[in-house]
2 protein chains.
Amino acid sequence: MGAGKHEEFSVKHNRISKYAKALAHPARVAILQFLSKKKSCMCGDIVEELPLSQSTVSQHLKELKEAGLIKGETEGVKVCYCINEKEWKAAQLCFNTLFNNYKETLENCCL
Amino acid sequence: MGAGKHEEFSVKHNRISKYAKALAHPARVAILQFLSKKKSCMCGDIVEELPLSQSTVSQHLKELKEAGLIKGETEGVKVCYCINEKEWKAAQLCFNTLFNNYKETLENCCL
DNA sequence: ATTATAAATCGCAATATTACGATATAAAAA
DNA sequence: TTTTTATATCGTAATATTGCGATTTATAAT
């Protein structure tokens, strides 16, 4: 017993939770904001920016990549990470769809 | 060693990751959508809707409550759960602020 | 060829999450 | 008062996440 029952939920709900999971750690949010602001794409610069070891940052980058939110391109010894524009927009749409589903009604049962 | 270094990140990044964590499981997304659509506020109805045991659903509800996204009000034996409108909007704004931080530029280092 | 540099992966320990049955709690109905 | 009903909490097991040092991999520089 324990963790895992994702198959039992809709594709849509799994999709949102996948993106949310990627954002569910402040380090990953920090990475994404860093990349958004285009301070740099270089992996090394991200490592310097964060209070975490190189290996830990590398893992966070891997998770963001697996979630689709970023992509990495090798440039010689270094790696350049960037926001994956397409998925980025898709994720934003996902979240907004969820949030906009809620319409404030006065006949709310609990006030 | 292991998990936990949240203090080292900004309040802003922790805030986003807190909301994201709440959305990081399909069951919780499903609960939120159910409540958004106002099919019902009753806890029992949520339990019936999901492929999870009563105790598991109760835990998910607790997490959503702790994240601030919902609130529960006891009505006799039953409990009525609702979207917490104020935090709901705050969360949406949080996500959108993050997402809108990214401006697509042509001078993107990695294409 | 050797060395230096950047990043990924491995192995491990600490902690957190997920899930459930059993039990506790508390209000409503009998 | 006893019983029923609805929800929360506890205990526990399985699994996932977080984090780091050490190592590996791969390119660049010497």
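Quick note on labels: first sequence line is chain A, next is B, and so on, each numbered from 1.
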query = So what does B:Lys21 hit on the nucleic acid, given a heavy-atom distance under 4.0 Å: a base, only sugar-phosphate, or nothing?
reply = sugar-phosphate
message = Please determine whether a side-chain nitrogen or oxygen atom of B:Thr56 lies at a distance below 4.0 Å from atom OP1 or OP2 of C:dA19.
response = no
note = Of A:His6 and B:Gly76, the one whose nearest nucleotide on DNA chain C sits closer to the 5' end is A:His6
key: Euclidean distance, atom CZ of residue B:Arg28 to atom C1' of C:dT18 [Å, nearest integer]   = 9 Å
task = Hey, which sits more toward the 5' end of DNA chain D by its nearest nucleotide, A:Leu52 or A:Thr74?
result = A:Leu52
inquiry  = Reading DNA chain C from 5' onward, which residue's closest nucleotide shows up sooner: A:Lys5 or A:Val47?
reply    = A:Val47
ask   = D:dG19 base to A:Ser53 side chain: any donor-acceptor pair below 3.5 Å?
value = no
request  = With heavy atoms under 4.0 Å as the rule, sort B:Glu63 into base, sugar-phosphate or nothing.
outcome  = sugar-phosphate
request  = With the side chain of B:Lys62 defined as its heavy atoms from C-beta on, choose the nearest nucleotide among D:dT9, C:dT18, D:dA6.
outcome  = D:dT9
query = Quick one: is A:His60 getting a side-chain N or O under 4.0 Å of the D:dT17 phosphate, OP1 or OP2?
reply = no
query = Between C:dA7 atom C1' and A:Asp45 atom CG, what is the distance in whole Å?
reply = 13 Å
task = Hey, could you give me the CG/CD1 distance between A:Leu52 and A:Ile31, rounded to the nearest 0.5 Å?
result = 8.0 Å
query = Side chain of B:Ser55: nearest nucleotide among D:dA28, C:dG21, C:dT9?
reply = C:dG21
request  = Send over the distance from A:Gln59 CD to C:dG11 P, rounded to a whole Å.
outcome  = 13 Å
remark   = Between CD of B:Glu75 and P of D:dT5 the distance, given in whole Å, is 20 Å
message = Check the phosphate of D:dA6 against B:Tyr81, side-chain N and O only, distance under 4.0 Å to OP1 or OP2. Yes or no?
response = no
query = To the nearest angstrom, how far is A:Leu50 atom CG from D:dG19 atom P?
reply = 10 Å
ask   = Can you tell me if B:Ser58 uses its side chain to pair, donor with acceptor, with the backbone of B:Gln54 under 3.5 Å?
value = no
Between CG on residue A:Asn84 and CG on residue A:Leu35, distance to nearest 0.5 Å = 11.5 Å
note = Taken to the nearest whole Å, CG/A:Leu61 to C1'/C:dA8 is 11 Å
task = Among D:dG19, C:dC20, C:dT9, find the nucleotide with the atom closest to the side chain of A:Ser58.
result = C:dT9
remark   = Residue set satisfying side chain to side chain contact (heavy atoms under 4.5 Å, CB included) with B:Glu63, at least two apart, ordered chain then number -> B:Arg28, B:Gln59, B:His60
query = Are any side-chain N or O atoms of B:Lys12 and backbone N or O atoms of B:Phe9, one a donor and one an acceptor, separated by less than 3.5 Å?
reply = no
query = With distance as the sole test, does A:Asn14 use its side chain to make a donor-acceptor pair with the main-chain N or O of A:His6 at under 3.5 Å?
reply = yes
inquiry  = Between the base of D:dA8 and the side chain of B:Gln54, is there a donor and acceptor pair under 3.5 angstrom?
reply    = yes
note = Taken to the nearest whole Å, NZ/B:Lys65 to C1'/D:dA8 is 10 Å
ask   = What integer distance in Å separates A:Asn14:CG from C:dT18:P?
value = 13 Å
